[in-house]
Amino acid sequence: MKIKNIIKGLEVEKIYGSLEKDIKGISYDSRKVGSNYVFVAIEGFESDGHKYIDQAIEKGATALVVTKDIKVDEENITVIKVKDTRDSLARISSNFYGNPSEKMKLIGVTGTNGKTSITYLVKSILEKANMKIGIIGTMGSVIGDELFNTSNTTPESLLIQEYLYHMIEEETKACVMEVSSHSLDLKRVEYCNFDIGIFTNLSRDHLDYHNTIENYFNAKLKLFYMTNKCNIINIDDIYGRRIVEETKDLDISTITYGIVEKATIYATDIEYHLNGVDFKLNTPKGSIDILFNIPGEFSVYNALAAASCAYYYGIGLNTIKEGLQSVKGIKGRFEIVPTNRDFSVIIDFAHTPDGLEKVLTTIRQFSEGRVVAVFGAGGNRDRTKRPIMGETVGKYADFLIVTSDNPRHEEPGRIVDDVIEGVKKVNKNYIKIVDRKEAIEYAIKNARSKDIILLAGKGHETYTIIGDEVLPFDERQIVLDILKKMEK
Ligand SMILES: CC(=O)N[C@H]1[C@@H](OP(=O)(O)OP(=O)(O)OC[C@H]2O[C@@H](n3ccc(=O)[nH]c3=O)[C@H](O)[C@@H]2O)O[C@H](CO)[C@@H](O)[C@@H]1O[C@H](C)C(=O)N[C@@H](C)C(=O)N[C@H](CCC(=O)O)C(=O)O
Ligand SMILES: Nc1ncnc2c1ncn2[C@@H]1O[C@H](COP(=O)(O)OP(=O)(O)OP(=O)(O)O)[C@@H](O)[C@H]1O
Ligand SMILES: N[C@H](CCC[C@H](N)C(=O)O)C(=O)O
Ligand SMILES: [Mg+2]
């Protein structure tokens, strides 16, 4: 594609050189530049792409998108100066891949907890309505039958556009994408043509990045100004009600959902079980009973969000029911590990105070023995949530094993101490075992009859991140290995 076509709609400050060159690809990482590429220089948090321009040219870049005045020795290099290279990356990536989001139904899901869960529920329902649907999110991107691992929940704009392009090629005409607050702030989803935006809830997380809850909320709010057709909002959440208020003058539909407040789509007759939750799904077009296979009130909210999305697309209640009920479970979300013993082990991705409260209160509803929690907090992430996580778990569990969860570049023992600071506030029995494998082993070896052991924080992850290293760590396997060892 010619440069002049790639930069359509781009706000340009200055251009040097020809716009007639044919471009084969785009990269914002000098190490991944190929022959006849555009290199987009981004000033990041750790480094500055402008420092790597020479390397980019060496590797074959023939055009540069920059924010700084730079001197290029080579002739024949086109330089395009812009105000914001993250925004420009999103614009040119969308152009390069033929603006794929305009050719499909794109659904964005944002909020602190529940995004991944909802994407899989939406996929299940839409598939029952014979729509082929892709996913972009924490557990990777699903295009056709293939899963592509991504390191971010919402990848960089270039990758989003590439994935959407491949979805179109595969005749997947709908995509449900998790839209993180970082991605909204860092313009990864700019120029995405969203049909629908779904809001789950907002609670404490990511203050390392946003500093205040208000900034975090404002980042999420952006999605609901980007949508073209419908906003789907949980109005039992105070921030959900604010979104409805803030967007009330927009010329698009709003569907509200909830259990407590009077909403468009709501649940009644909720009956909780350890293996799921039953409820009546009520819509303006009628009601239907749902037997949902993931337990907890939070699961009712996730199901309502997904049902609202299907409802907007005109999918009938029976199909919605079929789609929701055919989800037998989602990896790492209230996943019960078979132990064949008289105690239970549950793996769950709760990694925020709210997520922990939700999953622990669900377990408490049915526990006959002790509730034992093995958990920690991630390194190089929000520190302010750590003591609150400790306090929350202390409130709802009977015994706490405080351990590590992806220490990244922090000292694991110190992260554990930050969590314990909160545990101490509630005067519960706890033990500090920094090594997570040893912590799990301790929980299992000391399990009593009818105990429920919750392994929280890692969910679907089958690795642990120490420094920059990603090492294998699959809790399912670890539990099974410990049980086997105990049999000997
Ligand atoms: C804080 C943050 O989001 N940082 C993201 C950001 O990195 P950065 O701006 O710091 O990049 P940098 O390292 O300073 O480099 C600047 C530029 O120089 C370039 N470079 C660098 C070195 C080199 O040799 N050559 C070169 O060209 C880099 O490619 C980059 O373009 O841009 C990168 C490329 O898109 C992201 O991978 C990176 O995510 C990091 C890894 C991250 O951990 N992000 C987390 C906090 C995040 O985004 N999380 C959310 C939410 C999670 C959830 O709750 O679900 C998510 O969506 O994943
Ligand atoms: N609607 C909800 N409200 C509160 N907690 C929830 C909800 N849904 C799920 N959870 C809890 O949060 C955990 C993470 O759920 P999920 O992966 O769906 O969230 P997410 O928003 O995608 O998280 P992330 O920001 O890491 O991508 C679950 O394992 C569960 O403990
Ligand atoms: N997407 C979330 C995942 C957290 C998972 C937990 N295992 C951790 O490492 O903190 C984040 O990056 O904050
Ligand atoms: Mg997710």
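Just so we're clear, the structure is a prediction, and the values are computed from it rather than from any experiment. For ligands, and for the atoms within them, numbers begin at 1 and follow the listed sequence.
Evaluated by nearest non-hydrogen atom to atom 6 (C) of ligand 1, the leading choice among E46, R86, Q55 is R86. For atom 47 (C) of ligand 1, the candidate residues are D382, T150, N152; the nearest heavy-atom contact is made by N152. Selection from H182, E156, E178 by nearest heavy atom to atom 35 (O) of ligand 1 gives E156.
Heavy atoms of T116 found under 4.0 angstrom from ligand 2 belong to the backbone as well as the side chain. Both the backbone and the side chain of K115 come within contact range of ligand 2, each with a heavy atom under 4.0 Å. With a 4.0 Å heavy-atom cut-off, ligand 2 is reached by the side chain of N302 but not by its N, CA, C or O. Neither the backbone nor the side chain of H351 has any atom closer than 4.0 Å to an atom of ligand 1 (non-hydrogen atoms only).
Each of the atoms 16 (P), 17 (O), 29 (O) of ligand 2 lies under 4.0 Å from some heavy atom of R333. For ligand 2, the atoms sitting less than 4.0 Å from at least one non-hydrogen atom of T112 are 21 (O), 23 (O), 25 (O), numbered in the order shown with element in parentheses. The T153 neighbourhood of ligand 2 comprises atoms 27 (O), with distances under 4.0 Å to a heavy atom of that residue. The G49 neighbourhood of ligand 1 comprises atoms 17 (C), 18 (O), with distances under 4.0 Å to a heavy atom of that residue. Distances below 4.0 Å separate heavy atoms of E178 from the following atoms of ligand 2: 22 (O), 27 (O). Heavy-atom contacts of S30 reach the following atoms of ligand 1: 23 (C), 24 (O), 25 (N), 26 (C), 27 (O) (cutoff under 4.0 Å).
Taking distance alone, with nitrogen or oxygen atoms compared against 3.5 Å, Y301 stays at or beyond that limit from ligand 2. Residue F349 places at least one N or O, backbone or side chain, under 3.5 Å from an N or O of ligand 2. The N/O atoms of G114, backbone and side chain alike, include one that comes under 3.5 Å of an N/O atom in ligand 2. Taking distance alone, with nitrogen or oxygen atoms compared against 3.5 Å, D354 stays at or beyond that limit from ligand 2. The shortest N/O to N/O separation between F45 and ligand 1 falls below 3.5 Å. The shortest N or O to N or O distance between E43 and ligand 1 is not under 3.5 Å. At least one N/O-N/O distance between T153 and ligand 1 falls below 3.5 Å.
Taking 4.0 Å as the cut-off between side-chain N and carboxylate O, K123 and E127 count as a salt-bridged pair.
Distance from atom 57 (O) of ligand 1 to its nearest protein heavy atom, with residue and atom name: S180 OG, 2.7 Å. Closest protein heavy atom to atom 12 (P) of ligand 1: S47 N, 3.8 Å. Of all protein heavy atoms, the one lying nearest to atom 43 (O) of ligand 1 is R381 NH2, 3.6 Å. For atom 22 (C) of ligand 1, the closest non-hydrogen atom on the protein side is R31 NH2, 3.2 Å.
The nearest N/O/S atom of E178 to the Mg ion (ligand 4) is OE1.
Contact analysis puts H351 in contact with ligand 2, with a non-hydrogen atom separation below 4.0 angstrom. A heavy-atom separation below 4.0 Å is found between R188 and ligand 1. Close to ligand 2: D348, with a non-hydrogen atom less than 4.0 angstrom away. Under a 4.0 angstrom heavy-atom cut-off, D205 registers as lying outside contact with ligand 2.
The aromatic rings of F298 and F334 sit tilted relative to each other, their planes meeting at an angle between 30° and 60°. Ring geometry for Y163 against F148 counts as tilted: the plane angle lies between 30° and 60°, on a 0 to 90° scale.
S308 pairs with exactly one of N234, T283, I265, L281 by the side chain to side chain contact (heavy atoms under 4.5 Å, CB included) rule, that one being I265.
Inclusion of T116 in the first shell of the Mg ion (ligand 4) is supported: an N, O or S atom falls under 2.8 Å.
In this structure, T362 and Q365 have side chains that are in contact, with non-hydrogen atoms separated by less than 4.5 Å.
Nearest heavy atoms, V374 versus R436: O-NH2, 4.2 Å.
Remark: side-chain polar atoms of N406 are not paired, donor with acceptor, to backbone N or O of G378 under 3.5 angstrom. For the pair R333 (side chain) and K331 (backbone), a donor-acceptor distance under 3.5 Å is present.
Between N113 and H351, the side chains place no donor N or O within less than 3.5 Å of an acceptor N or O (distance only, hydrogens not considered).
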